[in-house]
Amino acid sequence: MILTEKESSMDAASTYDKIDSFKKYLSGDSTDGTEDLEDPFEDVDTVKVAQKALPAIDPADYPTHSQMVLEKRRRTVIVAGSQKCGTSALAAYLSSHPSIRFSKMKEVHHFDQNSNFKRGLKKYDAQWPLEPEDPDFEAQVEELGDLEEPTLRYGVRAEATPYYIASKDACSRIAKTFDREEDDYRLVVMIREPTDRAWSEYQMEMRRILDENAMKEALEKYAVEVFECYMQFKIPVFAQGLSLEEKTLEAYNECVPEEFMSLARFKKFEKVMSRQMKKGRASMNLRNAVKSQVKYNLVEKVQNCWEAKDPSEADAFMSFVDKISRSETYAVDADAFSAEEIQRLQKTKIKRGVIFKLSCLGPTFFEKLNSPQVAFSTDMQSYRTCKQAQATLDETSLTEVTQLVKACYKTPAKGITKQFLYRSMYAAQLQRCIDSGISPSKIFLIDSEDFKSSPSGILKELHEFIGVEDFEYEFNTPEDVHAEINNRFPTFELTTGWRFDGSTEEMPEKIRKDTTLFMRPFNLLLKEMMANGGMKGQKKYSFEP
Ligand SMILES: Nc1ncnc2c1ncn2[C@@H]1O[C@H](COP(=O)(O)OS(=O)(=O)O)[C@@H](OP(=O)(O)O)[C@H]1O
């Protein structure tokens, strides 16, 4: 979606109108039109492609990608978990296999995130764009007609979103979307010693918080400098032939100090920005990226300095913020609101990108991470208390444990965050996935340690399960695997807090001991499930129960 010059022209008054309409929105009398935001995918029928009737042929007879393409069949291979168990390494392998098409992004988050799922299968399919070298390219383009981005429709395709297995919705959505012969799926789930996995996640969260703090500090430090530089560009004046995006990017490149640019959080912003630039068009992503800057208060800082120097320019700046973020973001001065209104605003958790003064931000604004003692012990304690209240449920039965976990671990409706123990309870998650319609025979299990030490045997079996020919990969060392991950998914390590070998600090001994004990019943159930549950892949894990 391109913002026209007309749209991006200065109109300071409208900013303040918006404050009024925002107040109305808060009081339930919204006239701001926010709900009418254009969603390019809203009318796409989620299962239209999948439902296309095709002759029944046993997929096992058509194992390779190109054969599947010719037979107009598709198989989606989903590495569905678990987080911190080596899913990126596996993704690097699969994406190098000649008969597997891997998604553009490592983690697609289509089935766990409501906002993505709502956009339909067309949006998901766009992760596998059609290339001229694809078999039957011409025929497929013709068939696809005037689609903006023709996508690979047949063959074996794969993605890796480790959140899926922990999500309450992903498995049932996958089953409903793909469970048919000509458009089927396979799930791959990796497991790792549960305490190690939980600690690895904790450490990644810690890195993320550090990244955020670094961003925050840099904003504090450089706000004035950035502002001075912006002044030269006079961002709100868009009459010099450059589009809003070009101007913004140019200003960022010119104004933002090196030290700032190397920050992970900033890299994320930059990544979205340059992708949009390459495409030559702005989009929801661009607006979201800008909103993330808004969140970090840069806009407000700049605005304050601006105001001090030249109030008329400050109005223009407000207008810029307003325009770039359309009706989703309201540039407001917190002083314009009463204390009660501010309280209500804080409850919206900046869903609408309101720009607050720093002093008005609630404690949940910036992510927090409890100490390991608190994070792990509180979690264990609250589970135990909850378990006592469910006295009829027994931890030695898989069905009952699944119910216990369901009752005692509330998966947030939106995303799953910092549930270190929950995500190591593999048995309960697998069972829930099976209960929601995924046949165990479609799930392939991999033990992370075994995979790390000797991948080739596991990969051979996996290839067969996926229905592609066996293949000898050229990665022989962990360094090679690491390089391949960065080669295939170049911004992943830079922007997400993920590291190839991230566990640097030791887990405090007492917490390790308690956690390992806590995990035992779940591990015993997993052991039973692996041996007799009908799932494919490894039949036992490498760690102590
Ligand atoms: N080949 C191979 N096999 C198994 N495991 C491996 C492999 N290579 C890396 N690793 C370890 O995987 C951990 C990161 O896992 P993920 O890539 O799944 O993390 S994430 O869910 O995408 O965040 C990460 O764990 P930590 O070191 O604890 O961070 C890596 O050490």
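Just follow the structure's listing: the first ligand is 1, and inside any ligand the first atom is 1. Numbering starts at 1 and runs along the sequence shown.
For ligand 1, the polar-atom distance check finds an N/O of W498 within less than 3.5 Å of one of the ligand's N/O atoms. The shortest N or O to N or O distance between G86 and ligand 1 is below 3.5 Å. Between M190 and ligand 1, no pair of N/O atoms sits closer than 3.5 Å. In terms of polar-atom proximity, F451 is not counted as a contact of ligand 1, lacking any N or O under 3.5 Å from an N or O of the ligand. Considering backbone and side-chain N/O of Y93, none are found under 3.5 Å from N/O of ligand 1. Not one N or O of R499 is nearer than 3.5 Å to an N or O of ligand 1, by distance alone.
A donor-acceptor distance shorter than 3.5 angstrom exists from the side chain of Q538 to the backbone of D447, with no hydrogens or angles considered. Under a 3.5 Å cut-off, the side chain of R488 and the backbone N or O of A91 do not form any donor-acceptor pair.
A donor-acceptor contact closer than 3.5 angstrom links the side chains of S88 and W498. Side chains of T195 and T515: a donor-acceptor N/O pair is absent below 3.5 angstrom, by distance only. No side-chain donor from either of T402 and R432 sits under 3.5 Å from a side-chain acceptor of the other.
In terms of protein heavy atoms, atom 29 (O) of ligand 1 is closest to G502 N, 3.1 Å. With hydrogens left out, the protein atom closest to atom 28 (O) of ligand 1 is S503 OG, 2.5 Å, a heavy atom.
Contacts of W199 with ligand 1, taken as heavy-atom pairs under 4.0 Å, are absent altogether. Contact annotation for P455 and ligand 1: no heavy atom of the residue comes within less than 4.0 Å of the ligand.
Under a 4.0 Å criterion applied to the non-hydrogen atoms of M204, ligand 1 contributes the atoms 23 (O). Taking every non-hydrogen atom of D501 and a distance limit under 4.0 Å, the qualifying atoms of ligand 1 come out as 27 (O), 31 (O). Taking every non-hydrogen atom of T87 and a distance limit under 4.0 Å, the qualifying atoms of ligand 1 come out as 16 (P), 17 (O), 18 (O), 21 (O), 22 (O). Counting atoms of ligand 1 from 1 in the listed order, those under 4.0 Å from a heavy atom of A89 are 1 (N), 2 (C), 7 (C), 8 (N). Those atoms of ligand 1 with a heavy atom of S200 less than 4.0 angstrom away are 25 (O), 26 (P), 28 (O), 29 (O). Near Q83, meaning under 4.0 Å from any of its heavy atoms, are these atoms of ligand 1: 21 (O). Atoms of ligand 1 found under 4.0 Å from any heavy atom of S448 (numbered from 1 in listed order, with element): 3 (N), 4 (C), 5 (N). Applying the 4.0 Å criterion to heavy atoms of P162 picks out, from ligand 1, the atoms 21 (O).
Residue-environment remark: CD (E464) stays at or below the threshold of 12 foreign heavy atoms within 6.0 Å.
For the atom pair CD (Q113) and CZ (R119), the distance works out to 10.5 Å, reported to the nearest 0.5 Å.
Heavy atoms of K106 come nearer than 4.0 angstrom to ligand 1 in at least one pair. The shortest heavy-atom distance from V481 to ligand 1 is not under 4.0 Å.
Distances from atom 25 (O) of ligand 1 to the heavy atoms of K84, R192, E107 show the closest one on R192.
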